[in-house]
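Residue numbering restarts at 1 for every chain, and letters A, B, ... go by the order of the sequence lines. This is a predicted model, so every value here is computed, not measured.
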Amino acid sequence: MECQEEKPIIYTMENKPIVTCAGDQGLFTSLYTSLAQQLPREPMEWRRTYGRAPKMIHLEANFVQFKEELLPKDGNKALLTFPFLHIYWTDCCDTEAYKSTVKEDMMRWQNSLRTHGSADWVIIVVETNDTKKKNKTNILPRSSIVDKIRSDFCNKQNDRCVVLSDPLKDSSRSQESWNSLLLKLRTLLLMSFTKNLGRFEDDMRTLREKRTQPGWSFCEYFMVQEELAFVFEMLQQFEDALVQYDELDALFTQYVLNFGAGDTANWLGSFCAPVRNWSGLLLRRPIDMEKRDGIQRGEASLLDLRSYLFSRQCTLLIFLLRPWEVTQRALELLHNCVQELRLLEVSVLEGALDCWVFLSCLEVLHRIEGCCDQAQLAANCSHTVGLWAYATDKLKSLGELCGLVSEKGPTSEDLNRTVDLLAGLGDERPETVSSLQSPYKKLKEALSSVEAFERHYLELSHAAMEMYRAISRLRSARLVGKSLAEFYMRKGEPEKAEAFLQEALKSYVSEGWSLPVTHTRKQIAECQKLLGITEDYLQTSALLAGDANLTTEERKHFCQEILTFAGKSEDQSQKVTLSMGVFSQLTRLQFLPATASVHSGAVLQVELNLRCLMPVSVHIQQLAASIHFDLERAGTNGRSKGAARQTNPGTVEFNHDTSSAGPSSSSDGPPLELEEIQDRSPSDNSLNSTGVVCKNTHLVMRLPESISPPDPPNCVSPPAVTMKEGAQMLKVQDVTLEPGNNSITFTAPSGQPGTYTLRQLFATVGQVQFVLPHIYPSVQYEVYSQEPQLTVEPLSEPLLAGLPQIVKFTLLTGHYTVKKGDALQLSNTETMPILPSSSCTARISNPTGELLGESALSIQSSEKVTSISLPATPPYHTLEFQLEVLCIIPSSSDRPPNERLTNGEVRHRPRSYSHPDIPMTAIDQRMSIDCPWSIYSTLLALTFYIPFKTKHSLLSAGNRKYIQVCVQNMSDVNFTLAEVKLTEKQHASLELESLNTKTQQLLCSKHSLFCLWEVRWQDDLPSCLQCVFSTNFSPPKQDVPDFKPFQYQFQLEKVTTLYSVRADILPPAGEQNCRSGFLCGLEVCITRLTEPAEGEIAEDSKTDTDGLKTTKLMYEVADSSSNWAVCGKSSGMVSMPMTANATHKVQIEVMPLFAGHLPFPKIKVLKYLPHTAAVAIQPDPDSCVENDSLSLLDKALDDQGDTASIRSRGSVHSVGSGDQQQRGVAMPRLEPFSPGQVFNHIHTRQVLVLPATDDHIMEVNAT
Amino acid sequence: MAVCIAVIAKENYPLYIRSLPTQNELKFHYTVHTSLDVVEEKISAVGKSLGDQRELYLGLLYPTEDYKVYGYVTNSKVKFVIVVDSSNTSLRDNEIRSMFRKLHNSFTDVMCNPFHNPGDTIQSKAFDGIVSGMMVQAA
């Protein structure tokens, strides 16, 4: 704990409380050793007054022989020499001896104590066995002596007499008595402390209360309170001792402050004396008696008092193992002293205080180093570094004061000052004379020569910097570094200064402290100028010239530095490249036209807005922007891409955060630059894929580094400049940039098509070139070249076939110049003639859509080609004209209507189809156009729609036949139809009698028109009819109807009626009417009407049973509306003789299920083709048809369960369905008749059915 | 009262710094900037021991011969630094605390201004007024 290695020489605080010993000195001497050893062994609780916390203390004592002189006289307040306890030793066991000598001695002792008012005494009676044995004869009980003493002296205080038995024996009894003695001694000592210290403290307080009285002296009081502190220290109560000094400290401080406030105390006068000695703190002695004496005499200066106080505090703190508090207090003390001297207006020699502070700092550091090991010191740098830095600071100012810093060395005046300062240090203290590294020696040496000063200063600076770094107080370290740099600059060694300055600058720049940046940068400029680093110096100058923190004069100076250099006409290799950012800032860039996209050869202007930061106008020889040229992909159309993402088209704003002095947060990073990409197929330009691409991922995805503060105007560090020479440049010669905003206009090159990206900006001023290495956000414009493009589109949708329609031709000339005489050659097609028109004009408009002029077109048609002469048109213009074309409706012979396809197959026609949106049949018309700019023909397609949809049907009435044609107008236009005609092509004898009106008819949009003809014939009705429906149509709102023909061809087959089917419902026998729920008879009568035609015989009549040709028919009664229940079989087969009027009757039982007029059940007649025939007419057994017929059969089987052969065949089919050949052979077929072949008489007949019982309930069945 | 008052952003750039016009402004910039070292030290020391119950007032950052530098950190790590003349002994800890509180309140008002962009330097006149009030009392 105590640092013993330095061996305090003069005075040690080895005081212990004094205990006097009277009586038998020999006895005491024999016991002294064990007593002194054992007394402090056990701690004792000390209860204190004034509510102070009790403490455990180990008591020690300094035993001295009792003398009268030891007893304090009245008024002597010294506590250190105060005897706290008086002991009387005796081993008397002889009553006689007691009575004769001892008692008397005791009385004397007691009397002298009493006269001095001391009540702290004890009498110790030592008993030994030896004494007992020796005086065996006239033995008195031991107790009687003690009792006597007690009755003689301790009349009420029995505890004042203690017996110690056999002290020198090692027995338990002896131990016991020792313990009780020690306890007694400790208790009494403590009682004495409490009492005496209490009294002392009371006196001290009284004294303190008198401090307002005129004669009061701080020094006197100081001595009194320090006495108390000494006692506490003596008792090893360092905390309490420290409190005494702190109280004194505070009291003194308060007086100084009161002095400052005008309340002067007389005694303070001595402290206001001029400072004559500045030898610094002295911490190596526990008590600096020299200074203490000074205080006692009232001769101490303020520094002396403070030094003494602090040295005492320091000692106590080190006893308390709180060395770091020492450093902290030291720094406070030093600051405080400086302030106090200033406040008290004490006259001090200039630099004297610096000396004092310097010495004190080092002394404290030495003291701390003395009591701590290296590791502890390193770990607690944060406590000591302040002192190091302070010392460094003070040494530096001393150096400056004494002329040790300048290049030339000290002047004689400086030397005189140095001598004066050194004189104030006095002689070195004896403690440190032997030490090589004492603060005193250091200071003396440092002030002795320039070199020594530098060495010491550097040592201190580096030590302070390293410590700051070690505890990562980097800013403080840099500040020390900067101060070191200033030192180097004054010494004329700029090369050493630069690194420190740069480091400091970097830190200020990165944290955005603009004023320190400016200041440091100015220092750097000076340094760089001295070093002759031209480029860096110019760069720094440029930064300073634009620095708003400087005065205009300073800025002009730095600007002039650049211009002067620039004006030097040296060879070109001496060119200096500087960053543009410090010189001027690009604020805005504007394209004209705003699309930033022009065709090759067009004029594109770029306007740059530059904010010049220089304080004066600067003439620039050349301002240029380098361009990166990117050959564009073929086929992309350059429009609408360039400046699309900017809100203000054609304008790019560059943000520098410079408009306001305030930095804006840059933590959210750069904005995303997104661009749409489209991947188109090279062949037909169709879209393959599309996506969004982030163009600046490298910036966005960058890991957030240490967040750098935004840049205040001057906190930009110039980036390294690399110049890239672009092949092409935007250039302007001889511009003068005024301070502030300037606008410069360039004309951009637009020769080759492609993308031009502005990369760098250069401003050349003589030898100096300012470069903006990267224009961001990127600025680009596009130059495109376009192939001529011809499009043909309908003027109005949809184009209708059969009517003249107007189509629009649009020609984008692209890079091609249409000369006079250039013509479009349209190959004529038969299906779409171009209608000649007299007045055809072409409109020419420029790229922006402005109409430039109109001129007439001349159209010449020859047999194969229509030639359209174009007017002369400049490139990148639009030429528009309109032509009338007619699409002839293809005749329907090769276009049978879809609904009439019998084989269920949709016929695919290449040129007509149904549009999903427009319910009209569409026709694609292709045009082939030869253009003057290309050797290839341009193929274009137009889609026309047929406005009509036609349907036909054959109607029969017995043998009479009617043909109905339905024309449906599918378009959105109304038409007038005229001359509706139906003709038959093959049979002249056939007569078609029109049952229609003769007049023109209006066919409205989306409406239908039905026309009907009766077929009349002479001999036989041909089984096949080739009909042609024709009509003329025209749009109605024309003055002179321009009728266009419309034709529809169709074929009717199997027209003749072969069979008629009649039926009757017979009520049950005896009834007049049918009744619901009662069986009725259904009599079906099938009659053959005609002789068989030839084809029919060949086709159907294979069955030849009894010479007659017969065909097999199948009938089926099917009641779809559930009115009837068929009882028994519902279908069956009949063989019909193939002669006219052959009749077959079938009886079937049916039951009506409801009452009322019930429609007859439906009777179907089907052709039954036996399996042999089936083979013949089934060259390819189509499973679809097969299944159909089967299902038909199955249905019949369900109804009646007849025709075992069919059933068996069906089951064969279902079981052994593997063999297709077998199945094809075995398969019979049912075939429906064509609509005209069977005439059903019962089609609309009804029969009355009465309810089963007459219960007046009528069921009404509404369907 | 105070000779220099500074508000420093979380990222350690000054949001506001004002010193008595009679004094060397540059010196205070250096002083305040250097004091950030101690502020950071104190913040990190506190962060280790007590999580949320953090005292905003950091106390005396460091004394110099002429000035005392006091610090205060808001929960959003904005730092306030007040530099007081050492000779001004009438200022006790409590007064400094109340100055910081006042400053913090005014700063909060500035931040509440919807037109203020957090991170920008403080241009508010009201804030300026409060700061001036603290500096004027020195005389």
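Separating the OG atom in Ser86(B) from the CD atom in Glu340(A) is a distance of 11.5 Å, to the nearest 0.5 Å. In this structure, the separation between CD on Glu65(B) and CG on Leu353(A) is 7.5 Å, given to the nearest 0.5 Å. Here the straight-line distance linking atom OG of Ser510(A) with atom CD of Glu11(B) works out to 12.0 Å at 0.5 Å rounding.
The closest donor-acceptor contact from the side chain of Trp513(A) to the backbone of Tyr30(B) lies at 3.5 Å or more, if one exists at all.
Taking both residues in full, the closest heavy atoms of His33(B) and Arg475(A) are given as O-CD, 3.1 Å, listed atom of the first, atom of the second, then distance. When all heavy atoms of Asp37(B) and Leu474(A) are compared, the closest pair comes out as OD1-N, 3.4 Å. Annotation for Gly512(A) and Tyr13(B): closest pair O-CB, 4.1 Å, computed over non-hydrogen atoms. The two residues Leu26(B) and His519(A) make their nearest non-hydrogen contact at CD2-CG, 3.2 Å.
Annotation: Lys27(B), atom NZ; neighbour count of heavy atoms from other residues, nucleotides and ligands within 6.0 Å is above 12.
With a 4.5 Å cut-off on non-hydrogen atoms, Tyr390(A) touches chain B through its side chain but not through its backbone. Neither the backbone nor the side chain of Thr253(A) comes within contact range of chain B; no heavy atoms are under 4.5 Å apart. Heavy atoms of Leu15(B) lying under 4.5 Å from chain A are absent altogether. For Leu257(A), the part sitting under 4.5 Å from any heavy atom of chain B is the side chain, from C-beta outward, and nothing else. Contacts between Ile17(B) and chain A at a heavy-atom distance below 4.5 Å involve the side chain alone, from C-beta outward.
Two residues are said to be in side-chain contact when any heavy atoms from C-beta on lie closer than 4.5 Å; Thr34(B) and Tyr468(A) fail this criterion.
Annotation: His29(B) is not in aromatic contact with Tyr508(A) [ring centroid separation under 6.0 Å not met].
At a threshold of 4.0 Å, the pair Arg342(A)-Asp66(B) counts as salt-bridged, since one of the basic side-chain nitrogens sits closer than that to a carboxylate oxygen.
Chain B forms the most heavy-atom pairs under 4.5 Å with one residue out of Thr520(A), Leu331(A), Leu343(A), Leu334(A), and that residue is Thr520(A).
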